[in-house]
Amino acid sequence: MKVHAARWIALAAMACAGSAAAADFPTRPMTVIVPFAAGGPTDTMARLMAQQFQAFFKQTVLVENAPGAGGTIGVDKVVRAAPDGHTILLMHIGISTAPALYKKLPFDPVKDLEPIGQVADVPMTLVARSTLPASSMKDLLPFLKANRDKVTLANAGLGAASHLCGLLFMSTVGIDLTTVPYKGTGPAMSDLVGGQVDLLCDQTTNTVQQIKSGKIKAIGATSPKRLSQLPEVPTLAEQGLTGFDLAVWHGLYAPRGTPKASLDRLNAALQSVVKDAGFRSRLAEFGAEPVALDLATPQGLRGHLVKEIEKWGPIIRKAGIYAD
Ligand code: ASP
């Protein structure tokens, strides 16, 4: 009898602790890790999301930049963080290319992280320094052919979206350019504006304002249709570059072992973000949109991540690109 009573008390205590954990989460400021430098597209997306999370949770939500190695350093930081839901990761398509690109990747994106949900898809644009003597593919191609040893193409490191887009571009036009890696396309953009590098392929979150203000030139968009924010900029497909339908998907993750109650709260916050009119209109300013609600879920992100790892692995191995 005594044993039974003790068991019931213990079970009741556990049940209370479980619901208290859900109700009490978060108990302190939260941190969103961005695996790229400040001022770039992943950083911009994280800051928009953090504002919304702050309102949802009524807690401070900080954004921390942990750049390097194409984003893998920041991902690893979250893999190793306390699994209590207070440290989460915003990372894009690069998390699915890293397993094939990095021979010594210290984590497995599927096994070592808890998916919270997909966030948004962001198109890209190929952009050039404003002084480059070419403004469309028609003049860019002969310029690249004549200057292939001199032209530089910036990116945010091996496996970053800018790196993938640059690879796709070089293989489509059949010209190898000198690539210049940065810790994020925030600093890459500063150098493009300053004229220190010639070309960059980056998310519209980082390029639309600079194109509109004339600080850089747009060569073309990777979207299948012209961007409503930049109607005068043709798509790359329109200019004869096929296979360029490239949008950068983003996911939100927590360390493996984060309690289900906290993951559920994080997912509820994400669902409210992707529905939010303010978030949607900010993204629309960049020609981007949040994902459908059923993709902003753990299953929606896990399924996509697995599919993307399977898609990129053979492409990368065939191209023979990797980091030791
Ligand atoms: N998203 C950029 C890229 O993958 C990096 C960044 O956010 O700075 O190139």
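Values in this document were obtained by computation on a predicted structure and should not be read as measured data. When a ligand or atom number is given, it counts from 1 through the structure's own listing order.
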List, pair by pair, the atoms of ligand 1 and of the protein that are both N or O and lie under 3.5 Å apart, giving the separation rounded to 0.1 Å.
| unit_1 | atom_1 | unit_2 | atom_2 | d |
| --- | --- | --- | --- | --- |
| ligand 1 | 1 (N) | T42 | OG1 | 3.2 |
| ligand 1 | 1 (N) | H92 | NE2 | 3.3 |
| ligand 1 | 1 (N) | Q203 | OE1 | 3.0 |
| ligand 1 | 1 (N) | Q203 | NE2 | 3.3 |
| ligand 1 | 4 (O) | H92 | NE2 | 2.6 |
| ligand 1 | 4 (O) | A161 | N | 2.7 |
| ligand 1 | 7 (O) | T42 | N | 3.1 |
| ligand 1 | 7 (O) | T42 | OG1 | 2.5 |
| ligand 1 | 8 (O) | T185 | N | 2.8 |
| ligand 1 | 8 (O) | T185 | OG1 | 3.3 |
| ligand 1 | 9 (O) | S162 | N | 3.0 |
| ligand 1 | 9 (O) | S162 | OG | 2.4 |

Review point. For S135, what residues pass the side chain to side chain donor-acceptor pair (under 3.5 Å) criterion, not counting sequence neighbours?
Key: K217
Review point. How would you list, by chain and number, every residue that makes a ring-ring contact (aromatic ring centres under 6.0 Å, His included) with F107, sequence neighbours excluded?
Key: none
**Study point:** From L168, L167, T172, residue fulfilling side-chain contact (heavy atoms from CB on, under 4.5 Å) relative to M170
**Key:**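 Single pass found, and it is L167.
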**Study point:** Residues clustering with V197 (ILVMFWY side chains joined when closer than 4.5 Å, directly or via others)
**Key:**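 Joined to V197, directly or through intermediates: V127, V180, Y182, M189, L192, V193, L200, V208, I211, I216, L227, L230, V233.
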Check your understanding: Are E64 and K77 ion-paired here, with the side-chain N under 4.0 Å from a carboxylate O?
Key ->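 So E64 pairs with K77 through a salt bridge.
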Check your understanding: Going by an N to O cut-off under 4.0 Å, is there a salt bridge joining R28 and D84?
Key -> yes
